[in-house]
Number of protein chains: 2
Amino acid sequence: MPLPETEIPGRLQAELMSRGLRMTRQRRTILSVVETAKQHLDASQLLRRARRLDPQIDRVTVYRTLGLLKRHGLIDELDLMHMQGEKHFYERRPQRDHIHMACLRCGKITEFESDLFDRLKGQIQRDCRFHIVVTRLEVGGYCAQCRTTDQPKD
Amino acid sequence: MPLPETEIPGRLQAELMSRGLRMTRQRRTILSVVETAKQHLDASQLLRRARRLDPQIDRVTVYRTLGLLKRHGLIDELDLMHMQGEKHFYERRPQRDHIHMACLRCGKITEFESDLFDRLKGQIQRDCRFHIVVTRLEVGGYCAQCRTTDQPKD
DNA sequence: TATAATGTTGCATACCAGTTGCAATAAGGA
DNA sequence: TCCTTATTGCAACTGGTATGCAACATTATA
């Protein structure tokens with residue numbers, strides 16, 4: 001994921017502490033993995049990386065910490081069109097929502113920000129009188145590289 | 001789901017047959033359940049309804065038929081923000097894409113069509129040179145009824 | 001209408017991501 | 001430092017979905 005320059009390392013940790021949550025060694029480790037990830041990671045990848053820093057960390061702790069971060073709106077959960085089973089992927093909640101495009105052929109994930117998307121969310125809030133907490137726009141299709149070559153069959 | 005008047009009963013069956021697929025008793029049953037559903041159903045609900053019409057239908061057949069319909073782009077798979085576990089919900093692919101809004105408090109699912117959404121998809125295709133096959137825009141938040149009352153706690 | 005070829009089904013079993021109960025442990029305030 | 005309470009790790013479990021395989025049904029063909 002493009003990590004914006006404005007992001008402060010340790011931000012997640014500071015956020016959780018300011019909410020009065022206990023900062024354990026395990027949480028610090030997991031948060032640092034989430035913060036330094038350059039791509040979207042699933043729980044097991046997250047666990048593997050966390051274990052490189054703290055070998056006795058348990059996967060349950062990873063799941064619980066992810067749940068915590070989700071409930072506090074600090075990370076977003078992605079499905080990425082379920083291209084690799086049913087696992088979920090995580091990213092720090094960005095300042096501005098973006099769209100995830102998944103190429104059904106090469107599997108590449110691309111992110112895209114758009115004013116139209118922002119306006120669409122505004123329209124939903126107004127027209128539907130719906131208070132948006134979280135949005136997820138995922139698009140499956142063929143990226144520029146793959147759409148020129150043969151398409152996969154059924 | 002709002003089933004548009006333009007929808008022809010037996011449409012799914014005709015579509016599959018025109019693609020040269022075998023039309024079995026089980027498939028006919030499952031297709032009719034999908035076609036007549038008035039809400040988004042998950043695999044187990046679909047199975048229960050199919051069994052009312054054909055008691056010996058097996059759940060794997062439901063999963064396999066759903067997979068088939070998905071691959072042929074005849075139904076869409078929804079997560080509905082994973083509010084009820086990890087199950088998936090299904091709906092016939094509509095003529096025009098719509099947004100699913102899930103109320104995090106009462107669980108109500110609302111659908112919404114929007115020109116802005118159509119334009120956004122156009123922008124993605126153009127600006128990202130991405131050929132869209134399927135989109136999924138899900139929004140979690142609080143509906144008009146629920147946003148006025150107390151919010152749930154962490 | 002019978003037959004052959006191939007696609008589809010049902011059963012049992014396995015799988016995989018994620019969850020839960022509970023006793024042991026550790027964080028942070030007094 | 002002690003005490004309270006949150007958090008952890010282990011093991012076992014759950015729910016949704018997928019698979020191998022033999023039996024069977026569908027469709028094309030004769």
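Both backbone and side-chain heavy atoms feed into the values below; hydrogens, waters and symmetry mates do not. A, B, ... follow the sequence lines: proteins, then strands. Residue 1 opens every chain.
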When you match B/Gly85 and B/Thr24 each to their closest nucleotide on DNA chain D, which lands nearer the 5' end? B/Gly85
Using salt bridge (Lys or Arg N to Asp or Glu O under 4.0 Å) as the criterion, list what pairs up with A/Glu77, not counting sequence neighbours. A/Lys70
Five pairs at each end of the helix from C/dT1-D/dA30 to C/dA30-D/dT1: take the axis at both ends and give me the angle between them to 10°. 40°
With sequence neighbours excluded, tell me which residues meet side-chain hydrogen bond (donor to acceptor under 3.5 Å, both in side chains) with A/Thr24. none
Please enumerate all residues that pass salt bridge (Lys or Arg N to Asp or Glu O under 4.0 Å) together with A/Lys108, with sequence neighbours excluded. none
Plane angle bin for B/His100 and B/His40 - parallel if under 30°, tilted between 30 and 60°, otherwise perpendicular: perpendicular
All side chain to side chain contact (heavy atoms under 4.5 Å, CB included) counterparts of A/Met23, not counting sequence neighbours: A/Gln13, A/Leu16, A/Met17, A/Arg27, A/Arg28, A/Leu31
Nearest whole Å is fine: how far is D/dG9 C1' from A/Arg51 CZ? 10 Å
Reckon A/Arg27 touches a base, only the sugar-phosphate, or nothing at all at heavy-atom distances under 4.0 Å? sugar-phosphate
What is the separation between atom CG on B/Leu80 and atom C1' on D/dG16, rounded to the nearest whole Å? 15 Å
Residue pairs passing the salt bridge (Lys or Arg N to Asp or Glu O under 4.0 Å) test where at least one lies in residues 45-66 of chain A, sequence neighbours excluded: A/Arg25-A/Asp54
Grouping ILVMFWY residues whenever side-chain heavy atoms fall under 4.5 Å, the cluster of B/Leu78 otherwise contains B/Leu80, B/Phe89, B/Ile109
Classify the side chain of A/Arg22 and the base of D/dT5 as holding, or not holding, a donor-acceptor pair under 3.5 Å. yes
Partners meeting side-chain hydrogen bond (donor to acceptor under 3.5 Å, both in side chains) with B/Thr110 (sequence neighbours left out): none
In residues 53-63 of chain B, which residues come under 4.0 Å of DNA chain C by heavy atom? B/Gln56, B/Ile57, B/Asp58, B/Arg59, B/Val60, B/Thr61
Starting at atom CD of A/Gln84, determine the distance to atom C1' of D/dT17, rounded to an integer number of angstrom. 17 Å
Where is the tightest heavy-atom contact between B/Val33 and B/Leu53, given as atom of each residue plus distance? CG2-CD1, 3.9 Å
Any A/Met81 side-chain heavy atom under 4.5 Å of B/Val134 side chain: yes
B/Glu86 or B/Arg64, whichever maps to the more 5' nucleotide of DNA chain C: B/Arg64
Under-4.0 Å side-chain N/O to phosphate OP1/OP2 contact, B/His88 with D/dG16: no
Distance, rounded to the nearest Å, where B/Leu41 contributes CG and D/dG16 contributes P: 14 Å
d(CG, B/Asp79; P, D/dG16) in whole Å: 14 Å
Which side-chain N or O atoms in residues 122-129 of chain A pair as donor and acceptor under 3.5 Å with protein atoms at least two apart or in another chain?
residue: A/Gln123; atom: OE1; partner: B/Ser114; partner atom: OG; Å: 2.6
residue: A/Gln125; atom: OE1; partner: A/Ile132; partner atom: N; Å: 3.0

Applying salt bridge (Lys or Arg N to Asp or Glu O under 4.0 Å) as the test, list every pair that has at least one member in residues 115-125 of chain A; sequence neighbours left out. A/Arg96-A/Asp115, A/Arg96-A/Asp118, A/Asp97-A/Lys121
Grab the CD-P distance between B/Gln45 and D/dT17 for me, whole Å please. 11 Å
Rounding to an integer number of Å, can you tell me how far A/Leu47 CG sits from D/dT8 C1'? 14 Å
How would you give the extent of chain A contacts on DNA chain C, as first and last nucleotide 5' to 3' within a 4.0 Å heavy-atom cut-off? C/dA17 to C/dG28
Rounded to whole Å, please give me the gap between CZ in B/Arg25 and P in D/dA25. 8 Å
